Amino acid sequence: MNEAAFSGLNPQQAAAVRYLEGPLLVLAGAGSGKTRVITEKIVYLIEKKGIPARGIFALTFTNKAAKEMASRTTERLTPEQRRGLAISTFHTLGLNFIRREFAALGLRAGFTVLDADDSLSLFKSLINHSEYKDIIEPKAAQWQISQWKNDLIAPQTCYEQAQDDEQRALASLFDQYQRQLAACNALDFDDLIGRPVELLQRDSAVRERWQARVRYLLVDEYQDTNTTQYELVRLLVGKLGALTAVGDDHQSIYAWRGARPENLNRLALDFPNLQRIKLEQNYRSVNSVLQAANHLIAHDTTTESKQLWSDIGAGEAHRVIVCATAEEEAERIATEILHRHFRAQTEYRDFAVLYRGNHQARLIEQALRKLNIPYSLTGGQSFFERAEIKDAMSYLKLLVNPDDDAAFLRVINTPRREIGPTTIEKLGGYARERRSSLYAAARSMGIQTVLEPRATERLNRFCDWLDGLREMRDTDAIDIIRQVFDAIDYPSYLREQEATPKAADRRWQNVEEWLDWLNKISDASSDNGEIMDLPALAQRMTLLGILDQQTREKDSNAVALLTLHAAKGLEFGHVFMAGMEEEILPHRDCIDDERLDEERRLCFVGITRARLSLTFTLTRRRRRYGEWKDTTPSRFLEDIPANLLIWQGEGIEQPKAVTQAQGREHLASIRAMLGKPKAV
DNA sequence: ATGGCTGGCGTTTTT
DNA sequence: CGCCAGCCAT
């Protein structure tokens with residue numbers, strides 16, 4: 001092997017890229033270049049080992065990560081070389097699998113992928129029409145059933161193992177939910193992984209076909225896999241174990257939603273010839289940051305010890321700023337950012353404020369606005385929650401799958417077709433009895449016996465219209481959708497709904513924006529040689545959701561406001577961690593719990609986002625649900641050696657509104673008061 | 001059908 | 001304390 005091919009990689013990274021003798025687990029510390037290892041390995045497999053790109057599968061958890069990885073390989077490979085290369089999320093792989101194998105799963109072409117909202121609506125409707133109305137909370141049911149699905153437990157098994165009435169009710173609800181999905185020719189997100197696993201397990205021909213296809217599999221953020229995802233990985237790689245899994249148990253922060261970090265250890269049991277490589281050199285942070293992180297995480301006994309180090313420099317001690325109240329904390333963060341921005345010509349995009357819960361963002365937002373500091377806030381997928389976008393998506397989904405009840409209900413009276421609640425209620429009852437979709441019920445002969453003649457007539461008109469549209473399925477997807485909006489005169493509908501024409505215009509613009517976005521999706525995938533038909537477009541749309549918005553945010557030069565969870569995978573020059581208090585971090589519900597370690601890892605993730613500087617803030621008293629309570633500094637601060645922390649607080653005067661000049665002046669006074677931060 | 005009021009509740013979030 | 005959802009009243 002030519003060593004020069006790996007210039008720029010350290011020995012461990014190079015070994016991870018080169019190792020092909022069996023399954024490989026790369027324990028990659030924060031900032032140790034794990035994405036780099038995966039992309040280099042893909043390039044290596046294609047260029048040096050002659051494995052065709054279409055035999056290589058790389059899996060991530062988020063669209064963003066998949067996009068990032070794809071763009072990094074694009075830089076290194078010719079279009080010819082990377083043709084057919086599958087870099088995607090677990091869910092997209094599952095979708096592609098099901099698109100090929102749907103018949104064996106009892107689905108019809110054009111099946112719908114329900115998003116979390118649609119699935120919740122389905123639960124609500126099932127619960128409301130069941131005997132356990134008022135006993136079962138829809139959200140809780142959705143969560144529990146999702147857990148079951150992710151643990152590969154069938155409704156039947158749930159029922160047999162149920163300990164009490166509530167569990168029996170949930171198990172029965174699970175069963176009804178799955179039946180209803182089948183009736184609607186629909187799947188939820190969990191099914192995108194679960195159904196392929198089920199088929200691969202029971203059908204050896206399918207399994208062998210897929211195992212032959214998957215020449216090499218790479219998995220990112222392996223510690224975040226749940227039972228189903230791990231099973232999918234295992235089934236796809238077979239006994240050969242042509243697998244590289246990259247993960248970091250220190251960054252396991254999603255156990256609360258079903259991730260099984262123990263899958264890292266399970267790998268060694270399932271593949272006795274597993275090779276392990278640790279990456280401990282960090283390419284992101286100064287050593288004071290890494291020391292804080294190392295000491296903090298040393299208290300987590302459930303994870304494997306890794307000592308991060310870098311040759312980036314010593315760094316400064318981290319400040320711990322104690323504020324009287326949360327308002328003061330927010331103001332303090334804002335003025336600190338302003339000062340540093342002007343003092344060191346630091347771009348706003350180099351700052352991040354991290355916090356445990358979204359509600360903490362509000363005050364910080366206000367404080368930043370007061371000082372005219374631009375900021376970006378993640379967590380809002382508001383664009384896709386807008387009514388006009390949901391309407392538009394429902395029309396598209398319904399064109400593809402008339403049995404999609406969620407879309408059917410959304411659209412049937414939008415715009416008004418005088419099909420009211422009474423008709424829909426009767427139709428729904430009829431459909432439930434026959435375990436069919438609403439559309440199928442509307443189309444059945446017997447429906448006339450239940451409905452008023454006038455209602456039947458309106459319903460038929462709507463269904464005929466839908467059928468007519470579906471006839472045109474060969475027309476370009478975007479064209480059909482435009483025709484639909486034309487036919488229902490959606491802009492006029494919006495004008496009726498909105499008080500001002502301006503507001504209606506704005507909403508129509510959103511629809512236009514959505515159409516542009518759809519165009520982009522269908523173009524992007526035709527790059528891969530696959531023509532995107534209407535069903536594929538509708539299905540993929542549900543999975544891609546928020547990508548666009550995230551991209552837009554990236555362009556702006558603004559301070560990032562993020563939850564600690566959302567910050568994973570990102571890095572910033574200067575990081576503020578707000579609310580370093582007991583009952584916030586660690587969260588109050590996790591304090592006396594085995595979940596405490598996950599809180600510590602969350603803190604670890606926050607710390608390791610920082611390249612150069614780290615500032616912790618906390619308050620002395622905080623208002624919780626209207627009541628003032630004294631607070632205690634987070635135990636995690638105690639886990640960081642005292643010489644790495646400089647506590648500040650009492651007697652430091654807060655600046656009022658700050659102009660640029662006043663900012664410099666004030667900063668000088670604060671620095672005079674505090675003295676220079678001492679180097680470590 | 002729509003809006004206003006009240007009561008209950010209040011982690012983290014992707015697909 | 002604030003927000004949302006759901007309910008009730010118009």
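Keep in mind the model is a prediction, meaning the values are calculated, not measured. In what follows, chains carry the letters A, B, and so on, assigned in the order in which the sequence lines appear, proteins first and then strands, with residues in each chain numbered from 1.
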* Cation-pi check, A:R257 onto A:Y254 ring (under 6.0 Å, within 45° of axis) -> yes
* Asked: Strictly by modelled atom types, are A:D190 and A:S146 linked by a side-chain donor-acceptor pair under 3.5 Å?
  -> yes
* Please indicate yes or no: is the ring centre of A:H91 less than 5.5 Å from the centre of the six-membered base ring of B:dT15, with the two planes inclined by under 30 degrees? => no
* Looking at B:dT11, does its base get a donor-acceptor pair with the side chain of A:R595 below 3.5 Å? -> yes
* To do: Send over the distance from A:E327 CD to C:dC1 P, rounded to a whole Å.
  => 13 Å
* Asked: If you measure from the ring centre of A:W256 to the centre of the six-membered ring in the base of B:dT12, is it under 5.5 Å, with the planes under 30° apart?
  -> yes
* Would you say a side-chain N or O of A:N358 is under 4.0 Å from OP1 or OP2 of B:dG10? -> no
* Which part of the nucleic acid does A:Y625 contact within heavy-atom distance under 4.0 Å: base, sugar-phosphate only, or nothing? -> base
* Describe the nucleic acid contact of A:R257 in one word from base, sugar-phosphate, nothing, applying a heavy-atom distance below 4.0 Å. => base
* **Rounded distance (Å) that lies between atom P of B:dT12 and atom CZ of A:R600** => 21 Å
* **Nearest-angstrom distance, C1' atom, B:dT14 to C:dC3** => 24 Å
* **A:A116 side-chain proximity, nearest of B:dT13, B:dT15, C:dG6** => B:dT15
* Is B:dT12 in the syn range, within 90° of 0, or in the anti range? -> anti
* Roughly, in whole Å, what's the span from CD in A:E627 to P in B:dC9? -> 17 Å
* Should the ring pair A:Y222 and A:Y230 be called parallel, tilted or perpendicular, given that the plane angle runs from 0 to 90° and is split at 30 and 60? -> perpendicular
* Asked: In terms of side-chain heavy atoms of A:T89, which of B:dT12, B:dT15, B:dT11 is nearest?
  -> B:dT15
* Asked: Does a side-chain N or O from A:N63 land closer than 4.0 Å to OP1 or OP2 of B:dT15, or not?
  -> yes
* B:dT13 to C:dG2 separation - C1' atoms, rounded to the nearest Å -> 22 Å
* To do: May I ask you to say what A:E599 touches in the nucleic acid, namely base, sugar-phosphate or nothing, with a heavy-atom cut-off under 4.0 Å?
  => base
* Once you round to the nearest 0.5 Å, how far does CD of A:E365 lie from OH of A:Y375? -> 3.5 Å
* Structure fact -> note: A:H587, atom NE2; B:dT13, atom P; distance rounded to Å ~ 11 Å
* Taking the side chain of A:T62 as its heavy atoms from C-beta onward, which of B:dT11, B:dT13, B:dT15 lies nearest to it? -> B:dT15
* Asked: If you look at every strand shown and take non-hydrogen atoms under 4.0 Å, does A:R588 touch a base, only sugar-phosphate, or nothing?
  -> nothing
* To do: Output yes when a side-chain donor or acceptor of A:N401 lies under 3.5 Å from a complementary backbone atom of A:C184, and no otherwise.
  => yes
